[in-house]
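For reference, the structure is listed below as structure tokens.
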Amino acid sequence: KQERLQWFKDAKFGMFIHWGLYAPAGGYWPPTQETGKKYPQHYSEWIRFWANVSEPEYGSLTKPLFQPDPGCTDEWAQLAKDAGMKYTVLTTKHHDGYTLFNSNAPYSLKNDITGSTNISPDGRDLVAEYAQSVRDAGLKVGFYYSLIDWQHPHALPHSRKWPIADGADHGKYVDYMHQHMVQLFSDYGRSDLMWVDYSSAQHQGSVWKTNKLLTKLHELQPQALVNNRFWNGLENSHGDFFTPEKYIPASGYPGRVFEVCHTMNESFGYSHHDTKWKSTKDVVEMLVDIVSKGGNLLLNVGPDPKGHIPDESARVLRETGQWLEVYGDA
Ligand code: JFZ
């Protein structure tokens, strides 16, 4: 385990990428900015929840607007490199349940609408394009996978305030998400990191059959790391490293491998109205603070519906890379 963790400890700085059908909405519903109501909540990737949108409306209104330009994943990899980052983590599925990969798990949508959760354009697999770009750039390849799933009829609700649906058989969802993660670690070449997010307080540990899953994942990619968010308490014996969000205590977390995630503005997904961009000074200070306490910074960008990273974040990341060229030691 110590050996597996070495690259991660050395890496210090990574790129988080939140991208999916929430990007076309950009914090408005219905999409887009011109026609929709503004949802001021910080996390644009939660728009389906904020606006209480059901299927098939969510998918049918956003899918036509999600139009990745060819080669966009190369831009991400180049930017990560320019910023001095050593690894990237892409949302292969967020809480809305849609996948950026061609899922081969059997599935039927709620309300008996049979369909696919895959949002890659015909003939493309965006996770394959991503993995290729990142590996070609010499960076480590990470996958974010949401345990929460607002789409799958048998998934457990993310909040204890919500009732469990009548007839829900959580075991079916667990099999489905195991198949997804196994596919991610089977079909995309050498992969370095699985970042699961997150198990709510009442559904922890054994309900996810984590031992079975982690054994399988380690068989497929022996060098890969898996984070700790099967457990919501930020303290987890199953994970390789733990993942405090945005803030850490002055003392850091002595003796523990950790990675703090932050985002360039306030939302993780692309947002039209979230303009609270961090400056280069903010990012450098954050990075120095976290790294000096022994942790990693996983810093998020939210590409737009065509797959481009907003200029405000791209510029600051490049400037951070220039600072690292001079003052960094790797
Ligand atoms: C989760 C997601 O809900 C969010 O959309 C985003 O993907 C973020 C990176 O992760 O949000 C969380 C998860 C866990 C905590 C806080 C926000 N936590 O444990 O403090």
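Owing to the predicted nature of the structure, the values given are computational and were not obtained by experimental measurement. Numbers for residues simply follow the sequence, beginning at 1. Both counts, for ligands and for their atoms, begin at 1 and track the order of listing.
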Numbering as shown, the atoms of ligand 1 that approach F16 to under 4.0 Å (heavy-atom distance) = 9 (C)
Should you measure from each heavy atom of W46, which atoms of ligand 1 turn up under 4.0 Å away?
-> 2 (C), 3 (O), 4 (C), 5 (O)
Under 4.0 Å from a heavy atom of H94: give me the atoms of ligand 1 that qualify, with their elements.
-> 4 (C), 5 (O), 6 (C), 7 (O)
In terms of atom number and element, which parts of ligand 1 are under 4.0 angstrom from non-hydrogen atoms of D197?
-> 1 (C), 2 (C), 7 (O), 8 (C), 10 (O), 13 (C)
Say you draw a straight line from OG1 of T88 to CG of L193; how long is it, rounded to the nearest 0.5 Å?
-> 9.0 Å
D74 and S133: side-chain donor and acceptor closer than 3.5 Å?
-> yes
Given H262, H42, E45, which has its nearest heavy atom closest to atom 5 (O) of ligand 1?
-> E45
Y43, any N or O under 3.5 Å of ligand 1 N or O | no
Look up atom CZ in F13 and atom OG1 in T320, then write down how far apart they are to the nearest 0.5 Å.
-> 5.5 Å
Consider only side-chain N and O atoms of Y145 and H180, and report whether a donor and an acceptor are under 3.5 Å apart.
-> yes
Between the main-chain N or O of D274 and the side-chain N or O of N265, is there a donor-acceptor pair closer than 3.5 Å?
-> yes
